Structure formats: structure tokens, C-alpha cells
Amino acid sequence: MKNRELARIFSELADVLEYKGENPFKVGAYRRASRALADLSEDVAVLAREDRLREVPGIGEAIAKKIKEYLETGHMKRYEEALQGTPKGLLEMLAIPGLGPKTVAVINQHLGIETVAELEEAARAGKLEGLPGLGARKVENILHGITLRKQASQRVRLGDAIPAVEAIVAQLRAMGIERVVPAGSLRRMRETVGDLDILAAGEDSVRITKAFTSLPMVAEVLAAGETRASVRTHEGLQVDLRVVPPASFGAACQYFTGSKAHNIRLRDLAKRHNLKVNEYGVFRGEKMIAGADEESVYRALGLPLIPPTLREDRGEIEAALAGQLPRVVELEDIRGDLHVHTDWSDGRDSIEQMAAAAKAIGYQYLAISDHTRALKVFGGLDETGMEKLLRAVREADARVKGIRLLAGVEVDIHADGSLDLPDRILAKLDIVTASVHSAFKQPAEKMTARLLAAIRNPHVDVIGHLTGRLLGEREAYDFDLEAVLQEAARHHTALELNAHPLRLDITDVVCRRARDLGIMVAINTDAHNTEQLQLMRFGVATAQRGWLEAAHVLNTRPFRTLMAWLRGRRCR
DNA sequence: GCCGTTTTCGGCCCGACTGTTTTCAGTCG
């Protein structure tokens, strides 16, 4: 899929045109198109072939033409021309925090600087100071920004960000600041987050920002005003705090949760109603008509409360206006976990311990799904081992009250598409999840054929962590996603949404496509110990971001209808 | 460059902080 590639090109085109002083709204249009492409759940090439590009909001005649040009020729004239006559390190320079297009332009015009290395040298040599708009402090900040960039402060995984923010919130509460909540992309539960945003309400904003900037985990104060402050922690995380009066807390929650694109759309909508929305409230003229809580803000604009996980400007505002907002799946809807490991392979805890922990959560069922022999290093089971495990699960199921245990497996998909256990064994199990754990670098055609073969095996109920990506560590393997999704839809094979914050695989965007194609999704933790059963929240949030409702999620079903679905699909 | 319960032309979100400014531009979110 060229979706991301095209998204990157339009984003870069926007940066370059902004640098060249092009009409800012045109620049904005390219940025919007870039985001629309990145969020697209279908293959852009398919849309182009079927002449449906213009159906995507943000893509009009001109951009559709550019997309087609790129898909057909591998080039985009506008993009390549725009790059002419710009510094070759422009994009890297623009990525330096605090350094924007205007300043880069001034520096380039006066000193002919083209790259970050030249920029750094000139700054150290004192050549920048004295240029228009550049004083000593500004130069100092640029050098600091370059250092920060070098440290390659990557986006943080949601699973790492949430504990960090919860720790800060807890400390602020301990200091007597009661109304303080996480906001930003973290509240929207994006798979990774850049900055961590925290919002507080109180009359004494100076005291609150001071408390924040003096927390022990703060390594550096990046900015501090009366109502907002930014710090960098010792772990290298940037945390932003915003303080608002209590009467504005809801409006501020809304504003500070974003996304930026969602907020822009809301304010646009407000304007049409002769209203103004900002972080302090909704205003008609001077009069504040909403803002104490989030629901009132949306209501004032004629909308129902939109869940934070949907606020990405991916059609949620249109859906809300039409009264067709999805009733997204909630953690409480989940009735069981269909992929967990035990000490029969590489898990830490026993069948009974996992069952007890699942029961304590309130689950109706749990599928024991250990590894197979190909993963010998992880204690993968061969035929004999699996037969024994099957008996052990049946015995435990009879013994343990209050929760049903399913005999499952996470069977390996070999490089040639065959499975790691014979059908004879698979047929005896309640649920079969098939996953790729080897030969990740296969060419796309082989990997596609491999996944298609697994989907076509009538014993395979679910495909585990479909793309194999590990956030920040390993790219998804190369394969024809759309072809695989189509085949899964045809064979009524479910897809796993692996809830582990390192995976979150399938992604929110793929969830949305699965929903459109009528593919059932199983949200599983892949827990290797009892604590990891709690990771379900990350999977559910990702499912929400993919607009999944309870009916789209296999493990929201009560035990009986789950079993009926499993038996039914094998009889087809 | 996109888009339409003001509009096929004329709009396009809104505010805080910083540094360099004698009244504001640049950057960020």
C-alpha cells in the first residue's frame, strides 16, 4: 500500500511550500490530505483505480490528480519542483523544536546554510546572532533544539506513557490539586504519544504550575507561564500542563484532548452557529453558554458527547450530526480472553492461576492458547504435549467453578503456509489461533500466500497479531493486507486485535476496514502471566479507535453464542 | 487547495508563550 508513502510526500510538500511562503491555506490543504491518506483504511491504489479518491474528505480534484500521477509514474512533478532551490536539509531543520520556516528562511538567505550540521556550526561560531529576529537567547534555543533532536526523542508507547502520567497526576493530587486529569493523545489512547498532556482546574494557577515544575521527576523546565508549563522529565518525556478555572474545566478537557483536526472541525461548526469555542468555554458573543463539563460543550454545538477515542476527524463529527455515532465497545462488554499462555509453554502461571485471575476480572471464559513445537525455545508443544494439555484444560474446566475454560492453541504458521500441528489435533480443540513467528522477511507474495493458506484452513478460527509489528522495534511484515482481509471475510475467519501495548496489532485503521468487510475481531491480551490480563484496556481502546461496536467483537459474546459461532464457522 | 443550512467565490480555529519587539511575529499545540 502506498498510503503512508503518499501521506509523507504531501506532508513534506506542505513543509516545503510553507517555507517558500505559499498560501497558508494551500499548505493546510496538503497537510489535511496527508493525514487523510495516513488514516485511510482502504488501499489508495484501489480508490484511484475505481475513481473514488474524491470521496475522501480533504482530497479534491488537484490532489487526486497528483496521487494518480504518483501511482502511475512513481513521480510527482509538483513535489519534485517544490524541492528545487530549497536547502537540502530543510526538512531536518524544520524538525528542530523552536525552529520554524521563517527563521530557517532568514538563516538560509543570509548565510546560505543548507543542513543541520552547518546550522550548528554557524550557531557555535556566533554567526547567527544579530540576524533579523535572532538574539542570543534564540540562538541558544536553536542549539538546545539540535541537541534534543540528536537524542532522537521518539514517540513513547502508550503502555509506557500511561504509567508515567498517572504517577505525575498522583503526585499533584497528593499536593492538594484535586482536579487534574490526563489529556491529549494519551486520553485518545493513540498507540504512541509525543508529549504527555495534563490538565488541571483551579483558581490559583500560579501555585499549580509551580507545583508542577518543581516535581522531582522534572529535569528541565522548557516553558512556564501563568496558566501553562512544559517540562522534560529525567526519562526524557515532555510533559505539558495547562491550568484553567473550574468553570472551564469541561471546555479545557475537550480542547486539550484534541485531536487538533477534531478541534478545528468543531470550531468551524461553532462558527456556523455564530458561536465561538475555545479552551474556556462555548461563547455566543460575550456570553458563555457551556464549558463546565465536556458534554455541555458538544451539546451546545448540537452534538452528542463524542468519546475521546473517536476524536480524530475520521468522520465522527459527520456521524454525530447524522445521529450515527457508533456505540463503541467498552471494557465492560468483554466477556473473556481468547489468547493466553500458561506454564505449559512460555507463560509464567498455571492454568488454574490464569483461570482464577480471569474469573476475578469477571470473565465468563478463558481460552488457554499455548505455543506449538516450532517455538521450541518457548516450550512449544508437539502433538503429544498438546493432547496432554487438552486433557489438563478439560479437567481444570470441570474442577474450576465460575468460569469456562476453552482448549485452544496458538499454532505456528510455517513459512510455506502449513500449520505446526496436524488437522487431526486442531479438530479436537475449541478454538485455534494461527500466528506467524518466523521468516518475517519473506517477500510480500510469499507472506501473502502464507497468510491466505492459514485463513483457508477450516480449523483456523482466528489469525493472531496479523501484521507482526512491534511498536518502535519491528515493522509489520510485507504482505498484501487487502487481499488477506478479503479472504478472511470470505472464510469467516476472525482477526485478533492483540492488546499488548507493544503490538496493538491489528491497528485501529485495520479494525475499521475489518468492520467494513464484516470480519469478526477478537480482542486478546496474549497474556503470559496473570497481571497481563489487565492489558485488555489497550485493546479495547484501539478497537474503539477503529469504530468497533460490541457486535463486531467476538469475545463480547456470552459463552454459548461464542461456542455456537466457533462450531458454526467450521460447518460451513 | 478544499469546500458549501451564509457561499461554485471567498472564506479557511484559536490562544499561550517566547524573544525580540516599542506593538508584534514566530512557533507550538
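Lettering of chains follows the sequences in order, A, B, ..., and the numbering in each one begins at 1. No experiment lies behind these values; they were computed from the predicted model shown.
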> With a 4.0 Å cut-off on heavy atoms, is L266(A) in touch with a base, just the backbone sugar-phosphate, or nothing at all?
Replying inline: nothing
> What is the nucleic acid contact for V277(A), judged by heavy atoms within less than 4.0 Å: base, sugar-phosphate only, or nothing?
Replying inline: sugar-phosphate
> How is N141(A) classified with respect to the nucleic acid when contacts are heavy atoms under 4.0 Å: base, sugar-phosphate, or nothing?
Replying inline: sugar-phosphate
> Looking for any heavy atom pair under 4.0 Å, which part of the strands does K66(A) touch: base, sugar-phosphate only, or nothing?
Replying inline: sugar-phosphate
> Under 4.0 angstrom, heavy atoms only, what part of the nucleic acid is I63(A) near: base, sugar-phosphate, or nothing?
Replying inline: sugar-phosphate
> G202(A) and I208(A): which non-hydrogen atoms are nearest, and at how many Å?
Replying inline: CA-CD1, 4.0 Å
> Can you name the closest pair of heavy atoms from R207(A) and M175(A) and give their distance?
Replying inline: NH1-O, 3.8 Å
> With a non-hydrogen cut-off below 4.0 angstrom, is T103(A) in contact with a base, only sugar-phosphate, or nothing?
Replying inline: sugar-phosphate
> Below 4.0 angstrom, N of the basic side chain to O of the carboxylate: do R188(A) and E312(A) qualify?
Replying inline: yes
>> Closer than 4.0 angstrom, basic N to acidic O: yes or no for K271(A) and D268(A)?
In response: no
> Using a cut-off of 4.0 Å on non-hydrogen atoms, how would the nucleic acid contact of R242(A) be classed: base, sugar-phosphate, or nothing?
Replying inline: sugar-phosphate
>> Quick check with a 6.0 Å cut-off and a 45 degree axis cone: is R512(A) positioned over the face of W547(A)'s six-membered ring?
In response: yes
> When we call it a touch if two heavy atoms are under 4.0 Å apart, what does N278(A) touch: a base, just sugar-phosphate, or nothing?
Replying inline: sugar-phosphate
> Of G98(A) and K276(A), whose nearest nucleotide on DNA chain B comes first from the 5' end?
Replying inline: K276(A)
> Is P97(A) touching bases, backbone alone, or none of the nucleic acid, heavy atoms closer than 4.0 Å?
Replying inline: sugar-phosphate
> Using a cut-off of 4.0 Å on non-hydrogen atoms, how would the nucleic acid contact of K26(A) be classed: base, sugar-phosphate, or nothing?
Replying inline: base
> What is the nucleic acid contact for A136(A), judged by heavy atoms within less than 4.0 Å: base, sugar-phosphate only, or nothing?
Replying inline: sugar-phosphate
> Are R537(A) and E330(A) ion-paired here, with the side-chain N under 4.0 Å from a carboxylate O?
Replying inline: no
> For DNA chain B, which nucleotides open and close the run of contacts to chain A, 5' to 3', at under 4.0 angstrom from a non-hydrogen atom?
Replying inline: dG1(B) to dG29(B)
> Ion pair present between K65(A) and E61(A), side-chain N to carboxylate O less than 4.0 angstrom?
Replying inline: no
>> Let me spell it out: for each of F25(A) and D240(A), pick the nucleotide of DNA chain B with the closest heavy atom. Which residue's pick is nearer the 5' end?
In response: F25(A)
> When we call it a touch if two heavy atoms are under 4.0 Å apart, what does A224(A) touch: a base, just sugar-phosphate, or nothing?
Replying inline: sugar-phosphate
> Using purine N1 to pyrimidine N3 plus N6-O4 or O6-N4 for Watson-Crick, or N1-O2 and O6-N3 for G-U wobble, each under 3.5 Å, what pairs with dT8(B)?
Replying inline: none
>> Heavy atoms only, 4.0 Å cut-off, all strands: where does I142(A) land among base, sugar-phosphate and nothing?
In response: nothing
